[in-house]
**Student:** 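Dropping a structure here in structure tokens format, bear with me for questions.
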Amino acid sequence: MSDSGFKRARQLTDKGFNYDNLVEMANHCREETNPDRILSAYILNRVLSDLAAELGEGIVLTNELRKLEAKYRTALNLVLECAEAGAPQEEQNRRMTDLIKIFWAPKKNGISL
């Protein structure tokens, strides 16, 4: 694997889903310039940026962050790994669709938990 934005974003998922980390992951996704990965990069950047915006920069309870991680970690990691590996666009699209379905699920108290 190269040292792509996807790889760096994937490594950051282990540090948790707090505001600063989500923003950094989104920024790493934005670094992708490979035309075969640009759609995945854009969607991941938007989802991660939107999650960060929902959390906000203020204090968030640890249990809320854990719920957020539990909800998104697997789907997010699968998209990042799939895109980094250069999987066929159809597979990337399927993984991104799974992530978006989770993201667009009804929100509780304004946060995607």
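Throughout, numbering of the chain's residues begins at 1 and tracks the sequence. Side-chain atoms are counted along with the backbone in the values below, which use heavy atoms only and exclude waters and symmetry mates.
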**Student:** Determine whether Phe6 and Val79 make a side-chain contact, defined as any pair of heavy atoms from C-beta on separated by less than 4.5 Å.
**Tutor:** no

**Student:** Taking salt bridge (Lys or Arg N to Asp or Glu O under 4.0 Å) as the test, write out the residues that go with Glu91, two or more places apart.
**Tutor:** none

**Student:** Do Arg37 and Ser40 have a side chain donor and acceptor closer than 3.5 Å?
**Tutor:** no

**Student:** Considering residues at least two apart in sequence or located in another chain, which fulfil the side chain to side chain donor-acceptor pair (under 3.5 Å) criterion with Asn34?
**Tutor:** none

**Student:** Have Asn93 and Gln89 got a donor and an acceptor in their side chains that come within less than 3.5 Å?
**Tutor:** yes

**Student:** Donor-acceptor pair, Asn45 side chain versus Ala26 backbone, under 3.5 Å?
**Tutor:** yes

**Student:** Kindly write out the residues that satisfy side chain to side chain donor-acceptor pair (under 3.5 Å) with Arg66, not counting sequence neighbours, or none if the list is empty.
**Tutor:** none

**Student:** Using side chain to side chain donor-acceptor pair (under 3.5 Å) as the criterion, list what pairs up with Asn27, not counting sequence neighbours.
**Tutor:** none

**Student:** Applying side chain to side chain donor-acceptor pair (under 3.5 Å), name anything that partners Ser49, two or more places apart in sequence or on another chain.
**Tutor:** none

**Student:** Under 4.0 Å between a side-chain nitrogen and a carboxylate oxygen: does that hold for Asp14 and Arg73?
**Tutor:** yes

**Student:** Quick check: does any side chain N or O of Asn21 sit under 3.5 Å from a backbone N or O of Leu12, one acting as donor and the other as acceptor?
**Tutor:** yes

**Student:** For the pair Arg94 and Thr97, evaluate side chain to side chain donor-acceptor pair (under 3.5 Å) and give the outcome as yes or no after the intermediate values.
**Tutor:** CA-CA 5 Å; Arg94 184 175 55 80; Thr97 299; over 6 Å; no

**Student:** For Tyr19, what are the other residues in its hydrophobic cluster, where any two members join if their side-chain heavy atoms are less than 4.5 angstrom apart?
**Tutor:** Val23

**Student:** Considering all heavy atoms of both residues, which atom of Leu55 and which atom of Phe17 are nearest to each other, and what is their separation?
**Tutor:** CD1-O, 3.2 Å

**Student:** Mind checking whether Val47 and Leu39 sit in one hydrophobic cluster, side chains of I, L, V, M, F, W, Y counted as touching below 4.5 Å?
**Tutor:** yes

**Student:** What are the two closest heavy atoms between Gly86 and Gln92, and how far apart are they?
**Tutor:** C-NE2, 4.3 Å

**Student:** Just by distance, do the side chain of Glu32 and the backbone of Gly5 share a donor-acceptor pair under 3.5 Å?
**Tutor:** yes

**Student:** Any non-hydrogen side-chain atom of Glu84 less than 4.5 Å from a side-chain atom of Glu81?
**Tutor:** no

